[in-house]
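Notes to accompany the following structure.
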Amino acid sequence: AAPGLVRGVRPKNIGARIKRVEDPRLLTGQGSYADDRQTPRALHVAFRRSDQSHARIVSIDTEAAAAMPGVFAVLTADDFANVPLIQATSRMKDYVPTPLRPLAKDKVRFVGEPIVAVLADSRYLAEDALEAVEITFGELGRVTDPEAAVEPGSPLLHESAGTNVLAAREFKRGDVEHELMLSAVRVKARFRMHRKTPLAMEPRSYVAEYDRGRRALTLTSSTQVPGILRDLLSEVLELPGHSVRVVAPDVGGGFGGKASLYQEEVLVSVLAKRLGRCVRWTSDRLEDLISTSQGFDEIICAEMGVDENGNILALTADVIGDVGAYSIYPWTAAIEPIQVVSFLPGPYKIANYRGRVRAVSTSKAPTGPYRGVGRPPATFAMERLIDMAARELGIDPADMRRRNLVQPHEFPYKVASGLVWDRSAFTESLEIALDAVDYTALRAAQAKARTEGRILGIGIATYAELTGIGSRISAAPGMPINTGTEQATIRLDSTGSVTGSFGVASHGQGLETTLSQVIADELGCRIEDVQILQGDSSAVAHSTGTYASRGAVIAGGAATLASRDLKQKVLRAASHVLEAAEADISVEHGIVSVSGTDRSVTFKQLAKAIYSEMGRLPKDAREEMESTKVYDPFFGTATSATHICTLEIDPKTYKIRLDKYFVAEDCGRIINPMIVDGQVHGAVAQGIGAALYEEVVYDADGQCISASLADYVVPAASEIPHIGIAHIEAELPGTVNGFRGMGEGGTIGAPAAIANALADALSPYGIEINELPVTPERLFRLMQAAQSQ
Ligand code: MCN
Ligand code: SMO
């Protein structure tokens, strides 16, 4: 068993390795995805997308295309002139919003931006007609290099903004310059984390249906955020919210790429309403790779000063985030880069900090949330700096961390960027991971292997993240929507079964299982008594969806509160039916019984008594057998982990083989350890991709030259080592039921741990690792450069 410190007595379901209830459906091909929706007489959309990165649209000739058989219409921006502009707003000083239009108007800003939409009886006919569309462009200056784009005189992507900097921010505490001067050792580097794509297995897919009789629109979307879409579409379509329903059916992964609003969603919805017909579009892989929001893409110039004992004195960073062509809705272009500077100090005590960041627009696909959001690049830079300083001082990297981590008695700890860490297993995760891999023995084995000419590395990364973020933080930048709360409605129906309705939208996280576990324990029924309604904007009054590692904390918290309240109603009703005092009644496994007697009723019998057998309850004791509760964690809670990995580089081929991989993490009370393990495995695999393989490459003209899965390389099972995991509960956080989030964690720790292991392996060659991914080509060049010195 994993050496986690698990405290307290477990209730029946929470904490149990229950098999995912959605899996029989998903694994036997009975899942139902957006594109599976059957729609008679639908119009299929295909997009002519820009093949220019930055150009004026001089003319568009759609005549020939419109005359082709089966073509219903060929549309350009002019056909959407009366659709309200959508802009992600923010209260941040110096923030520049950019408009989101269904189709590009006047100019294009990245390769892949939709310009023309063809509507036809089939996708084939629509694609054929695209070929007949003639577009002439007028070239505009290149805006592909973010460092050049901030220079005066650079061509501007959004002329009216007067700058390519869409957002900027600075965090400052203490006298950084002074402390750097006093430092015994200063380490400094320019870290580069390249661009990634979320690459969900299911590409984006939207089906819009308009019911003319009822004047109501239903959008079936492969989205993570049905609630956000509903609220926005209600405004755009000028329909009351009750007449707009956004359904996210089974969704095949999102990883952040489906957490924003896309112009294609607006376009199909507007057209469905206008035409009174179903309008649908499903992205192909090429479109997905060039138009779905991408992740990371930062340049972090950072410097850290430490005293002779290895205590960190000061940290400073200047960050440029290449955010692509548009500020995405609703998160804004700031979402990724700002989090880099806000999370950079990590789990360490750093009194003096200055972090500056600029979100710079370039003619590439917009960036948006991607699993880990800002924290993978921040952790990469910070953990490298820690190792670099440790090497200079001759301190073991594990010791270096021990000296600087926030200690158990120092929580709550206020980070120099303003974040507050509640008590979390910062130090415990480090010690448990070191023990689990037998760190001392590994170092000895490495020393021996080096004498044999082998290139072995050991890498450690410790990080902290904020999860289950409540309204306090989500409201701060003034986004147009509240993302800090979720609602749950739990009801016992007249057949005795229980339904939990939520605004979250599972797209792989197993929320149908974990939310059932929570309800079953809190209410006293069996998992099989519970059905979860999720991924449907009409399920609850307000919701946003699933992102930012909030499902377990916020939806799980709301489920807890509503179940507890409903249980009181069950007890009150049962006290009449069973003629006993509430205090003597217990509810377990769906059976309501009077303690110490053989009197009991099942949920089914109780429901029948309440709803149908009039007279069993006094008339003033009737109440609705359901409860709706909203949960707002207000701040959120710190999740932390240590990753340790070992790797070996083949001295001839430079092939990198990951050997050991271990994660010790604290996500508070675990609802389902099997699901949490799966989340760690999947996220670490994505982190391995970020460390060694995956990179979206744009050339100097702004052409995406990694727009196929032959060029964008993702690790397969053969590249993923066995991943050992220890779960730690240092102390339950103050969230309802003590849950912390963890869905993004693995992608935060893995790139840093692998970068440190590579740098450790290559230290005899004087090679530093400050650019990820370390693709085979990059490693080859690093080795060549080192050998030619
Ligand atoms: N869980 C648990 N006990 C806890 C915490 C979590 O059992 N204490 C389980 C729950 O089932 C929860 C899941 O683990 O749903 C993930 O936890 P949580 O941190 O609450 O994250 P969310 O449910 O809000 O999911 C979002 C998160 C994000 S932001 C990305 S990105 C991501 C991720 O989840 N994308 C995923 N995991 C993914 N997994 C899959 N398969 N596909 C994606 O697209
Ligand atoms: S990137 Mo996750 O959807 O917040």
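We're numbering straight along the sequence, starting at 1. Start at 1 and go down the list; that is how both ligands and their atoms are numbered.
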Considering only heavy atoms, which protein residues lie less than 4.0 Å from any atom of ligand 2? Q224, F255, G256, P369, Y370, R371, V373, Y547, A548, E744
Inspect the contact between K258 and D288 and indicate whether a charged nitrogen and a carboxylate oxygen are less than 4.0 angstrom apart. no
Salt-bridge contact D297-K196 (side-chain N to carboxylate O under 4.0 Å):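 K196 and D297: not salt-bridged.
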Looking at [X] versus [Y], is the centre-to-centre ring distance below 6.0 Å?
X	Y	answer
F380	F191	yes
Y262	Y329	no
Y661	H643	yes

Neighbour list for ligand 1 [protein residues, heavy atom under 4.0 Å]: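 Protein residues near ligand 1 are G253, G254, F255, G256, R371, H507, G508, Q509, L511, T514, T546, Y547, A548, S549, R550, G551, A552, C667, R669, I670, I671, N672, I675, V676, Q679, R740, G741, M742, G743, E744.
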Could you go through T483 and Y547, starting from their C-alpha distance and side-chain angles, then the distance that decides it, and tell me whether this counts as side chain to side chain contact (heavy atoms under 4.5 Å, CB included)? CA-CA 10 Å; T483 62; Y547 53 88; 3.0 Å; yes
Roughly how far apart are F110 CZ and I290 CD1, rounded to 0.5 Å?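 Those atoms lie 8.0 Å apart.
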Test: R371 cationic atom under 6.0 Å from F255 six-membered ring centre, within 45° of axis: no
Compare all side-chain heavy atoms of T223 with those of H507 and state whether any distance is below 4.5 angstrom. no
